[in-house]
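Values below: all heavy atoms of this structure, side chains included; hydrogens, waters and symmetry mates excluded. One-based numbering, in listed order, for ligands and for the atoms of each. Keep in mind that this is a model prediction, so the values were computed, not measured.
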Amino acid sequence: MSHTERLPRTRTYLMCPPEHFTVEYAINPWMDTTVPVDPALALKQWQLLRETLTDLGHTVHVLQPRPELPDMVYAANGAFSVDGKVYGARFAYPQRAAEAAAHRHFYVSGSWEFTDPEHVNEGEGDFAYLPDAYGGLILAGYGFRTEPVAHTEAQEVLGRPVISLQLVDPAYYHLDTALAALDDRNVTYFPEAFSPASQRVLAQLFPEAVIADRADAEAFGLNLVSDGRHVVLNTEATAMGEKVRAAGYTPVHVELGELKRGGGSVKCAVAELRP
Ligand code: ARG
């Protein structure tokens, strides 16, 4: 099969090292507080992910981790930026609430137009941006963490149309566990993670989407970061890697087994900064 050449675009990301990563509470079905995590291994895997992104030519900013916030490694949840504007996060669970201020501090110290949210939303965990789809489209998930009213709020703050999608499977509690942007206009997703109506919306908007299956989702294969050509995804997601390759992208696998114990993988650990 031939495809138009998939062109990478240089990105800027924000990550937070898992220096204090543990699973000491369970707020999603993947978290098991009885199985200890290996903090040294988690850090090593995270460092390789960061190096993978910088080796691809991208810039990675690093947020200072805090000992009382073990989930801070999942930096995607801290905010959502589009066109230099930032819609801050407001976490659904009290255990993570204080992470929002750490992210806020990062943006207000830079040249970002930051807005504090009124409604519960978990940043890029539940928001994705496709700059070249329909002139610039935001996809937003609800059902487990982010409140649907936050989608309306995000649209007002960011001035881009927001498409609300209902997540229905608790294993795929954030949009970024079930759907990812492959480039500026195309996505990959696991249909069954969405309500039937939301599946129809996705099929209408993205006829070229790469369709993933349950095994891909279970391997956290949808929790990927793409620069438009290189698709960074965890090693467990081999079949997903082949699917994106068949669609003309280049899979780049990284081992992130420890972060999966907290219910996340590549995308959860990476927030994209869109100036
Ligand atoms: N333990 C974290 C939580 O349940 C994992 C967050 C994963 N992040 C993501 N962007 N999906 O909140």
Note: ligand 1 atoms sitting under 4.0 Å from heavy atoms of Met31 are 1 (N)
Give the numbers and elements of all ligand 1 atoms closer than 4.0 Å to a heavy atom of Asp71.
1 (N), 2 (C), 3 (C)
Is it the case that the side chain of Lys243 and the backbone of Ala246 share a donor-acceptor pair, with hydrogens and angles ignored and the cut-off at 3.5 Å?
no
Subset of ligand 1 atoms that lie under 4.0 Å from at least one heavy atom of Ile27
3 (C), 4 (O), 12 (O)
Distance flag, aromatic centroids of His151 and Tyr142, threshold under 6.0 Å
yes
Would one find an N or O of Glu122, backbone or side chain, under 3.5 Å from an N or O of ligand 1?
no
Find all atoms of ligand 1 within a distance of less than 4.0 Å from any non-hydrogen atom belonging to Gly263, and give their numbers and elements.
7 (C)
Below 6.0 angstrom between ring centroids: does that apply to Phe80 and Phe127?
yes
Centroid-to-centroid, Tyr249 to His230, below 6.0 Å?
no
Nearest-0.5 Å distance, CG of residue Asp176 to OH of residue Tyr74
11.0 Å
Is the distance from the ring center of Phe21 to that of Trp46 below 6.0 Å?
no
For atom 9 (C) of ligand 1, what's the nearest protein heavy-atom neighbour? Residue, atom name and distance, please.
Cys268 SG, 2.7 Å
Using atom types as modelled and distance alone, determine if a side-chain donor or acceptor of Glu153 lies under 3.5 Å from a backbone N or O of His119.
yes
Does Gln204 have more than 12 heavy atoms from other residues, nucleotides or ligands lying within 6.0 Å of its CD?
no
Tell me the nearest of Ala269, Gly264, Gly262 to atom 5 (C) of ligand 1, using heavy-atom distances.
Gly262
For Asn77 and ligand 1, does the shortest N/O to N/O distance drop below 3.5 Å?
yes
Kindly confirm or rule out an N or O of Asn223 lying under 3.5 angstrom from an N or O of ligand 1.
no
Polar contact flag for Arg145 and ligand 1 (N/O pairs, less than 3.5 Å)
yes
If we number the atoms of ligand 1 from 1 as shown, the ones under 4.0 Å from a heavy atom of Gly125 are 10 (N)
Which of the atoms of ligand 1 are close to His174, meaning less than 4.0 Å from one of its heavy atoms?
7 (C), 8 (N), 9 (C), 10 (N), 11 (N)
Among all protein heavy atoms, pick the one closest to atom 3 (C) of ligand 1 and tell me residue, atom and distance.
Arg96 NH1, 3.4 Å
Does Tyr173 reach ligand 1, in the sense of a heavy atom lying below 4.0 Å from it?
yes
Would you indicate whether the side-chain heavy atoms of Leu175 and Leu165 approach each other to under 4.5 Å?
yes
Close side-chain approach of Thr10 and Asp227, heavy atoms under 4.5 Å
no
Residue and atom name of the nearest protein heavy atom (relative to atom 4 (O) of ligand 1), distance in Å to one decimal:
Asn28 ND2, 2.7 Å
Checking a contact table here: which protein heavy atom is nearest atom 10 (N) of ligand 1, and how many Å away?
Asp176 OD2, 2.6 Å
